[in-house]
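To keep things clear, I will list the structure first and then write my remarks on it.
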Number of protein chains: 2
Amino acid sequence: MRYRIGEVARLSDCKVETVRFYEQMGLLPVPARSSGNFRLYNESQLGQLRFIRHCRSLDIPLEDIRRLLVSQKHPEENCADINQLIDEQIDRVESRMQSLQQLRKQLVELRSQCSGKMPTSSCGILQGLSDCACHYPAER
Amino acid sequence: MRYRIGEVARLSDCKVETVRFYEQMGLLPVPARSSGNFRLYNESQLGQLRFIRHCRSLDIPLEDIRRLLVSQKHPEENCADINQLIDEQIDRVESRMQSLQQLRKQLVELRSQCSGKMPTSSCGILQGLSDCACHYPAER
DNA sequence: CTTGACTCTATAGTGGCTACAGGGATTCTA
DNA sequence: TAGAATCCCTGTAGCCACTATAGAGTCAAG
């Protein structure tokens, strides 16, 4: 069974352009071509594309996906690297969560400075944003 | 008092290239020039740059910052738009927090599938990533 | 007079796609 | 069998907010 690009895109929940992009990035093998020069994919290539999409849904960067694909091709090797890669991804996600937490706090604090019914000249939000005291505490 | 670009960059905690970039984006007024063609900034321009950096530290997009700068130039107008802009930013941050929460859960679940001491052929993580069951529940 | 720190412009790269433009292939309908 | 609709092709440029580089010029200190 062979699929054309639109079909693999649909079956792996991404756009046609994205499939071509992955090929260009070397994440997908160069596919066979039909007589009319259309890309033709088999089950294994569809599987690989789905693997990539699954990784991307976990926000794993393309470089890391590349490493995972290499690991997959070496079944006898130890999988410690894979575990480490996922641990690092979890760390990245947690650290982003922390910054967002902090960010939210600052934004809510800023928001509380104004009721929204002022002329901009006395808007607490604009004043808060102009004030460098909270952003650069060392400066005054 | 006039500052050269390196100084305003230092005083507003960003890189020299970033200052030039903001100028190019029209977020900073075109500065005066010295006889040797160096950019020269005054206090007010430094203030505006700090305002921008403060907004960026809250992850407010440049387009929104542009709107805030315009509002600042119209002190008599009502500040409802500014409040709405911040509310939208809070919404964006909260929705990103939620996706990260979800992401973390999935990654931790995936991580639990392997001890890290297997050959890659039986690594639970690789198997989990190859499995489309969790990512495309509708498909089987 | 040279060194070194600073600045200038212009251009390209980052990540992960997305969106054209301008054509060819295939398939469906009349 | 003609024409239309839908797919597909390559190549290039755009998105965001910078960052980095090349190759040159400016300026103050020693």
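Protein chains get the first letters and strands the later ones, always in sequence-line order, with residue 1 at the start of each. The basis for the numbers below is simple: all heavy atoms, side chains too, and nothing from hydrogens, waters or symmetry mates. As the structure is a prediction and not an experimental result, all values here were calculated from the model.
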Q.
Under a 3.5 Å cutoff, is there a donor and acceptor pairing between the side chains of A:E7 and A:Y41?
A.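 No, no side-chain donor-acceptor pair sits under 3.5 Å.
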(Q) Can a donor-acceptor pair be found, under 3.5 Å and without considering hydrogens, that links the side chain of B:Q45 to the backbone of B:L28? (A)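 Pair absent, no side-chain N/O of B:Q45 close to backbone of B:L28.
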Q | Charged N-O contact under 4.0 Å between B:D64 and B:R92 | A | yes
Q: Determine, step by step, whether A:S122 and A:Q127 satisfy the side-chain hydrogen bond (donor to acceptor under 3.5 Å, both in side chains) criterion, reporting the C-alpha distance in whole Å, the side-chain angles of both residues, the deciding distance to 0.1 Å, and the verdict.
A: CA-CA 7 Å; A:S122 51; A:Q127 280 165 23; 5.6 Å; no
(Q) With salt bridge (Lys or Arg N to Asp or Glu O under 4.0 Å) as the criterion, how do B:R20 and B:E23 come out once you've worked through the C-alpha distance, each side chain's angles and the decisive distance to 0.1 Å? (A) CA-CA 5 Å; B:R20 284 196 284 249; B:E23 179 188 333; over 6 Å; no
Just the rounded figure in Å: distance from [atom2] of [N] to [atom1] of [X].
{"X": "A:E7", "N": "D:dC7", "atom1": "CD", "atom2": "P", "value": "11 Å"}
{"X": "A:I5", "N": "C:dA25", "atom1": "CD1", "atom2": "C1'", "value": "15 Å"}
{"X": "A:D59", "N": "C:dG16", "atom1": "CG", "atom2": "P", "value": "8 Å"}
{"X": "B:I60", "N": "D:dA17", "atom1": "CD1", "atom2": "P", "value": "11 Å"}
{"X": "B:L49", "N": "D:dC18", "atom1": "CG", "atom2": "P", "value": "11 Å"}
{"X": "B:L62", "N": "D:dC15", "atom1": "CG", "atom2": "C1'", "value": "12 Å"}
{"X": "A:R2", "N": "C:dT26", "atom1": "CZ", "atom2": "P", "value": "15 Å"}

Q. When A:Y3 is tested against each of A:E43, A:R10, A:R39 for side chain to side chain donor-acceptor pair (under 3.5 Å), which residue passes?
A.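 So the option named by the test is A:E43.
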**Q.** Sequence neighbours excluded - side chain to side chain donor-acceptor pair (under 3.5 Å) pairs with any residue from residues 73-83 of chain B
**A.** A:R111-B:N83
Does anything in [range] come within less than 4.0 Å of DNA chain D? Heavy atoms only, and list the residues if so.
{"range": "residues 15-32 of chain A", "value": "A:R20"}
{"range": "residues 91-103 of chain B", "value": "none"}
{"range": "residues 34-44 of chain B", "value": "B:S35, B:G36, B:F38"}

Q.
For B:E94, is the CD atom crowded, meaning more than 12 foreign heavy atoms sit under 6.0 Å from it?
A. yes
Q.
With salt bridge (Lys or Arg N to Asp or Glu O under 4.0 Å) as the criterion, how do B:R96 and B:D59 come out once you've worked through the C-alpha distance, each side chain's angles and the decisive distance to 0.1 Å?
A. CA-CA 12 Å; B:R96 261 182 285 161; B:D59 210 23; 3.0 Å; yes
Q. Which residue, A:Q102, A:E109, A:R104, forms the side-chain contact (heavy atoms from CB on, under 4.5 Å) with A:Q106?
A.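 Exactly one option meets the side-chain contact (heavy atoms from CB on, under 4.5 Å) with A:Q106, and it is A:Q102.
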Whether [X] contacts [N] is assessed here as follows: a side-chain N or O lying under 4.0 Å from the phosphate OP1 or OP2. Is that the case?
{"X": "A:R33", "N": "D:dT10", "result": "yes"}
{"X": "A:R53", "N": "C:dC17", "result": "yes"}
{"X": "A:R56", "N": "C:dG15", "result": "no"}

Q: Please name all residues satisfying side-chain hydrogen bond (donor to acceptor under 3.5 Å, both in side chains) with A:Q84, sequence neighbours left out, ordered by chain then number.
A: A:E88
Q: Answer yes or no: is there a side-chain heavy-atom contact under 4.5 Å between B:R53 and B:T18?
A: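 Yes, at least one pair of side-chain atoms sits under 4.5 Å.
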Polar pairs (N or O, both sides) under 3.5 Å between protein and nucleotides 1-3 of chain D?
none

Q: Determine whether B:L129 and B:V108 fall in the same hydrophobic cluster, where Ile, Leu, Val, Met, Phe, Trp and Tyr are linked whenever their side-chain heavy atoms lie under 4.5 Å apart.
A: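 Hydrophobic grouping puts B:L129 with B:V108.
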Q.
A:Y22 vs A:R56, test: side-chain hydrogen bond (donor to acceptor under 3.5 Å, both in side chains). Steps then yes/no.
A. CA-CA 12 Å; A:Y22 290 154; A:R56 287 298 300 136; 4.5 Å; no
